[in-house]
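These notes are about the structure you will find just below.
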Amino acid sequence: MSSAEPNPPADSPATPERSLNFIEQIVEEDLRTNRWGGLPVQTRFPPEPNGYLHIGHAKSICLNFGLAKKYGGKCNLRFDDTNPTTEDTEYVDSIQDDVRWVGFQWDGLYYASDYFDQLYLWAEQLIQEGLAYVDSQSVDEIAKQRGTSTEPGVESPFRNRSAGENLDLFRRMKAGEFPDGAHVLRAKIDMAQTHLIMRDPVLYRIRHAHHHRTGDKWCIYPMYDFAHGQCDSIEKVTHSICTLEFETHRRLYDWCLEKLRIFPSRQYEFARMNLTYTVMSKRRLLELVKGNLVSGWDDPRMPTICGLRRRGYTPEAIRAFCERIGVARFISTIEMAWLEDALRDDLNKRALRVMGVLKPLKVVLTNWPAGQVDWLDAVNNPEDESAGSRKVPFSGTLYVEQDDFMETPPKQFFRLSPGREVRLRYAYFITCNEVVKDASGNIVELRCTYDPASRGGNSPDGRKVKSTIHWVSAEHAISSEVRLYDHLCRQPDPNDVPAGVDWKTTLNPNSLEVIPSAKLEPSLSDAAPGSKFQFERLGYFCVDTVDSRPAHPIFNRAVTLKDSWAKAQKKEGG
RNA sequence: UACCCGAUAGUGUAACGGUAGCACAACAGAUUUUGGUUCUGUUUGUCCAGGUUCGAAUCCUGGUCGGGUAACCA
């Protein structure tokens with residue numbers, strides 16, 4: 001990870017060979033040509049503290065921090081807090097938590113508001129040099145004069161105020177002499193520019209609002225365009241990476257740095273991503289929270305970092321995902337399967353295996369010695385020998401999954417059915433002899449016999465079974481609430497609705513299924529909040545960090561296991 | 001509409017004038033005490049039309065389609 005070796009040997013075990021993304025190419029080119037005169041690569045992650053971070057931000061976090069790490073540079077966390085009316089410390093805290101959780105530590109922690117004094121001085125400088133003026137028109141008037149893409153704008157009648165008058169007015173704006181909206185400071189550029197952003201953009205506006213950090217010190221606040229580039233410049237950011245919608249702003253970004261004659265940070269834009277079966281915009285996420293359509297920002301169905309964390313995602317999986325999706329200038333739609341696959345890939349190697357039955361079907365072993373309990377060895381993780389094994393209790397009354405029994409099975413169904421023998425994982429072969437139904441014909445119990453010689457799961461005579469199913473001992477099982485999560489939206493693109501139809505109609509009504517009392521093996525009774533397990537043959541589950549109580553864990557299903565039987569069935573059913 | 005940006009298998013992403021590759025998905029098979037994992041194989045692609053060139057995904061021209069911008073938001 002050190003920058004000492006610009007060209008690590010090909011047999012370096014560090015990271016597998018991957019081609020450079022376009023930003024890495026730029027960085028390497030800059031390094032090669034010594035563009036920054038020996039300055040380290042400096043990046044920054046610049047969230048506005050007005051919402052929670054989501055998986056899209058994770059991409060930016062991994063890019064910015066990853067670049068610094070890869071090239072031996074530094075990355076700052078900087079809050080872009082220039083709009084006091086929408087920002088709050090609640091978000092400042094959550095954002096820091098999330099960045100750390102994703103796995104990065106910033107070099108400097110800054111706020112745009114740290115630089116308000118300097119920014120103000122720069123504004124005065126521009127005024128003095130005739131590059132900015134105070135406009136006393138209303139929002140509407142200014143908007144009207146901006147012109148259109150085809151027609152040039154018209155100059156403000158206040159455009160040619162003297163530097164002295166501008167300075168006086170600007171100082172009085174700062175002093176609080178005017179109400180909101182009375183004046184703005186504008187750059188004096190060119191009202192005929194084809195790039196509308198350059199038609200005398202607003203630099204400062206009056207806002208008599210309490211700021212989460214500077215309190216009531218200021219009543220004028222710089223606009224994004226008059227803050228971001230300068231903040232980058234102050235921090236000697238070499239590569240200022242942002243999303244595509246800021247592309248047109250780059251002209252103004254450069255203009256400010258050039259006119260102020262300060263460190264020439266460069267801005268580069270990459271495409272944000274979309275994820276299938278979910279929404280990502282702050283506005284829509286807020287809609288879900290405010291409308292109580294989810295339980296909060298950290299609802300495990302949310303694509304927020306805290307939601308994914310609560311769901312059971314790991315930082316490693318998130319980072320692997322971000323690495324895999326790449327960086328480009330084309331707005332991509334990533335399949336949710338990629339995210340899920342990244343989690344499975346990580347947890348497969350690390351998660352301990354346990355057995356749990358979600359929808360229990362009682363099995364009585366008719367030849368089991370009454371009252372006997374057998375403690376059987378179960379491997380904790382076949383992918384990791386060092387994870388060891390545990391003892392699981394077995395008795396004459398068990399629960400198996402309802403889905404693992406069919407009275408009249410199709411030919412491809414290998415699991416339990418009348419007259420058929422299957423293996424109980426790590427236990428015995430059992431054969432189903434009788435199906436017990438209630439008055440209305442529902443199957444309520446299976447009566448089976450077990451083969452004592454098959455203890456551990458192998459028959460001495462070498463006979464094979466086509467299937468192994470999971471189970472729990474009825475008298476030893478604990479009952480736990482299990483929450484099964486599915487896609488937030490029912491169609492890949494929630495935006496793909498007819499005009500006038502609310503995207504919320506695409507929400508998946510079955511995105512959460514609560515199982516009040518699943519039957520789980522007893523070792524799970526004291527599972528720690530946040531710990532993750534593979535329930536064999538079902539999926540990866542995480543102990544909920546919010547609602548679990550000591551000795552009463554609640555499990556969230558993070559992701560299912562791949563299930564080729566379910567897939568085949570689904571295909572059959574159309 | 002104007003300006004800017006983009007377009008490579010189903011989805012992403014490489015190839016930087018010289019054999020279109022990789023991952024995920026899909027499909028088929030092998031292994032398997034998880035219908036998991038792992039392994040092997042297969043299918044599917046350069047938006048269109050011209051031009052330059054021995055040779056074009058790549059360079060040029062025109063078009064098509066998609067996205068962004070037109071806040072006293074960031």
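The pairing partner recorded for B:U13 is B:G21, the criterion being a Watson-Crick or G-U wobble arrangement whose two distances lie under 3.5 angstrom. Pairing for B:U1 is with B:A70, a Watson-Crick or G-U wobble pair whose two hydrogen-bonding atom distances lie under 3.5 Å. Across all strands shown, the partner of B:G50 is B:C60, judged by Watson-Crick or G-U wobble contacts whose two distances both fall under 3.5 Å.
Nucleotides of RNA chain B nearest to A:Thr333 and A:Lys282 differ in position, and the one nearer the 5' end is that of A:Thr333. Comparing A:Pro46 and A:Phe414 by the nucleotide of RNA chain B that holds the closest heavy atom to each, the one mapping nearer the 5' end is A:Phe414.
Using a 4.0 Å heavy-atom criterion, one finds that A:Glu151 contacts no nucleic acid atom at all. Within 4.0 Å (heavy atoms only), A:Glu247 reaches sugar-phosphate atoms of the nucleic acid but no base atom. Counting non-hydrogen atoms under 4.0 angstrom, A:Ile325 reaches the backbone sugars and phosphates but no base. Among the heavy atoms of the strands lying under 4.0 Å from A:Phe330 are primed sugar atoms or P, OP1, OP2 only; no base atom is included. Residue contacts for A:Tyr204: at a heavy-atom cut-off of 4.0 Å it reaches no nucleic acid atom on any strand shown. Counting non-hydrogen atoms under 4.0 angstrom, A:Met273 reaches nothing in the nucleic acid. Looking at heavy-atom distances under 4.0 Å, A:Val327 makes contact with sugar-phosphate atoms alone, never a base. Here A:Phe413 lies in heavy-atom contact (under 4.0 Å) with a base. Within 4.0 Å of A:His249, counting heavy atoms only, lies at least one base atom of the nucleic acid.
For B:U34, the base has a donor-acceptor partner in the side chain of A:Gln534 [N/O atoms by modelled type, under 3.5 angstrom]. Residue side chain A:Arg353 reaches the base of B:U34 through a donor-acceptor N/O pair under 3.5 Å, judged by distance alone. Judged by distance alone, with hydrogens and angles left aside, A:Glu48 brings no side-chain donor or acceptor close enough to the base of B:C73 to form a pair under 3.5 Å. In terms of polar N and O atoms assigned as donor or acceptor, the side chain of A:Glu269 never comes within less than 3.5 Å of the base of B:G68 in a complementary pairing. Residue-to-nucleotide contacts include a donor-acceptor pair under 3.5 Å from the side chain of A:Glu335 to the base of B:G10.
The side chain of A:Arg344 contributes no N or O atom lying less than 4.0 Å from OP1 or OP2 of B:C24. Side-chain N/O atoms of A:Lys562 include one lying less than 4.0 angstrom from OP1 or OP2 on B:U37.
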Start with the C-alpha distance between A:Tyr133 and A:Phe158, add both sets of side-chain angles, then the distance that settles ring-ring contact (aromatic ring centres under 6.0 Å, His included), and finish with yes or no. CA-CA 8 Å; A:Tyr133 63 96; A:Phe158 300 99; 8.8 Å; no
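Under the 6.0 Å cut-off for aromatic ring centres, A:Tyr224 and A:Phe246 qualify, their centroids lying closer than that. Annotation: A:Tyr110 is not in aromatic contact with A:Phe79 [ring centroid separation under 6.0 Å not met].
A distance-only check finds a donor-acceptor pair linking the side chain of A:Arg186 to the backbone of A:Asp200 [under 3.5 Å]. A donor-acceptor distance shorter than 3.5 angstrom exists from the side chain of A:Glu87 to the backbone of A:Asn83, with no hydrogens or angles considered. Counting only distance, with no hydrogens or angles, the side chain of A:His208 and the backbone of A:Phe178 share a donor-acceptor pair below 3.5 Å. Under a 3.5 Å cut-off, the side chain of A:Thr276 and the backbone N or O of A:Met336 do form a donor-acceptor pair. Remark: the backbone N or O of A:Glu269 is paired with a side-chain donor or acceptor of A:Arg329 at under 3.5 angstrom.
Picking from B:G35, B:C73, B:G68 the nucleotide with the shortest atom distance to the side chain of A:Ser564 gives B:G35.
Looking at residues 179-195 of chain A, you'll see A:Gly181, A:Val184, A:His195 sit with a heavy atom under 4.0 Å from some atom of RNA chain B. For RNA chain B, the residues of residues 136-149 of chain A within the heavy-atom distance limit of 4.0 Å (strictly under) are A:Gln137, A:Ser138, A:Val139, A:Arg146, A:Ser149, sorted by number.
Applying the side chain to side chain contact (heavy atoms under 4.5 Å, CB included) test to A:His210 and every residue at least two apart in sequence or in another chain returns A:Asp216.
Nucleotides B:A7 and B:A25, compared at atom P, are 26 Å apart to the nearest Å. Taking the C1' atom of each, B:C4 and B:C27 are spaced 42 Å apart, rounded to whole Å. Rounded to a whole angstrom, the distance from the P atom of B:G50 to that of B:G36 is 49 Å. Taking atom C1' on both nucleotides, B:U52 is separated from B:G12 by 32 Å, rounded to a whole Å.
Between the CD atom of A:Glu536 and the P atom of B:U32 there is a distance of 17 Å, rounded to whole Å. What separates OH of A:Tyr426 from P of B:U32 is a distance of 15 Å, to the nearest Å. Nucleotide B:C4 holds its C1' atom 9 Å from the CZ atom of A:Arg329, rounded to whole Å.
Relative to the ring axis of A:Tyr111, A:Arg213 places its NZ or CZ within 45° and under 6.0 Å from the centre.
Electrostatic pairing of A:Arg537 and A:Glu401 does not count as a salt bridge here, judged by no charged N lying under 4.0 Å from a carboxylate O.
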